[in-house]
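Some notes on the structure that comes next.
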Amino acid sequence: MVAANVQDRDGGKRPLLWTRLDHPSVRKIGADQGFAGRLVDWATQILGRELEIVRKDPGQRGFQVQPKRWAIERTLSWITANPRLARDYETSPARSETMVRWAMIGIMVRRLTRRGPAKRSGPRPLDLTATGPGQPAFR
C-alpha cells in the first residue's frame, strides 16, 4: 500500500522489492493498468521478475469481469468486512498495511479451523426461479 499522493508506478517499487526479498520463489506478479510503464521494465531488469499488467479487452464496453482481477476484488471485499477497514481511519500506510494483514490472518484462521464447506449464515435469499402457480416464494 502506498499513500494516495504517490503515483502507482513510483510507489510500486518498494512492495515489489519486499516481495522479491520475502518470497524469492515468486516469479510472476500481476498488476493493475496503473502500474504499467517504467515499473514493468524495472521489475524485469532489477528484480528479475515478470510484472504482468492485467488489461481490459480493447473492444470492451461497460463492465466485464476479468478473471485475474476478480480474485483481487473479491479478496478486497472480504477485507473490508472488517469494521476497522470499512473506512480509512489510519494515518500512515504502514498502519493500514498492518490492519490489512490482521484482517487476512483472521480470514485464513477461520478457513483453516472450519470443519466443513463454507455455509452462508442467516436466512436464505429469495429464490425467484421457484415462484409460479402453487410454488412457494421462499425455500
Is there a side-chain contact between Leu16 and Leu39 in this structure, where contact means two heavy atoms from C-beta onward sitting under 4.5 Å apart? yes
Validation row: Leu21, Leu17 side chains within 4.5 angstrom (heavy atoms): yes
Kindly say whether Ser92 contributes a backbone atom to a donor-acceptor pair with the side chain of Ser96 at under 3.5 angstrom? no
Is the backbone N or O of Met99 less than 3.5 Å from a side-chain atom of Glu97, with the two atoms forming a donor-acceptor pair by type? no
Identify the two heavy atoms, one from Ile79 and one from Ala103, that lie closest to each other, and give their separation to 0.1 Å. CG2-CB, 4.2 Å
Check this for me: Arg74, atom CZ, are more than 12 non-hydrogen atoms of other residues, nucleotides or ligands nearer than 6.0 Å? yes
Arg27/Glu50 ion pair, N-O < 4.0 Å: no
Residues that Arg55 engages under salt bridge (Lys or Arg N to Asp or Glu O under 4.0 Å), provided they are two or more places apart: none
I'd like to check Arg111 versus Ile107 (side-chain heavy atoms, cut-off strictly below 4.5 Å). Are they in contact? yes
I'd like to know if the side chain of Arg49 and the backbone of Pro24 have a donor-acceptor N/O pair within less than 3.5 Å. yes
So, Arg20 side chain and Leu47 main chain: donor-acceptor pair closer than 3.5 Å or not? yes
Crowded around Trp102 CH2? As in, over 12 foreign heavy atoms under 6.0 Å? no
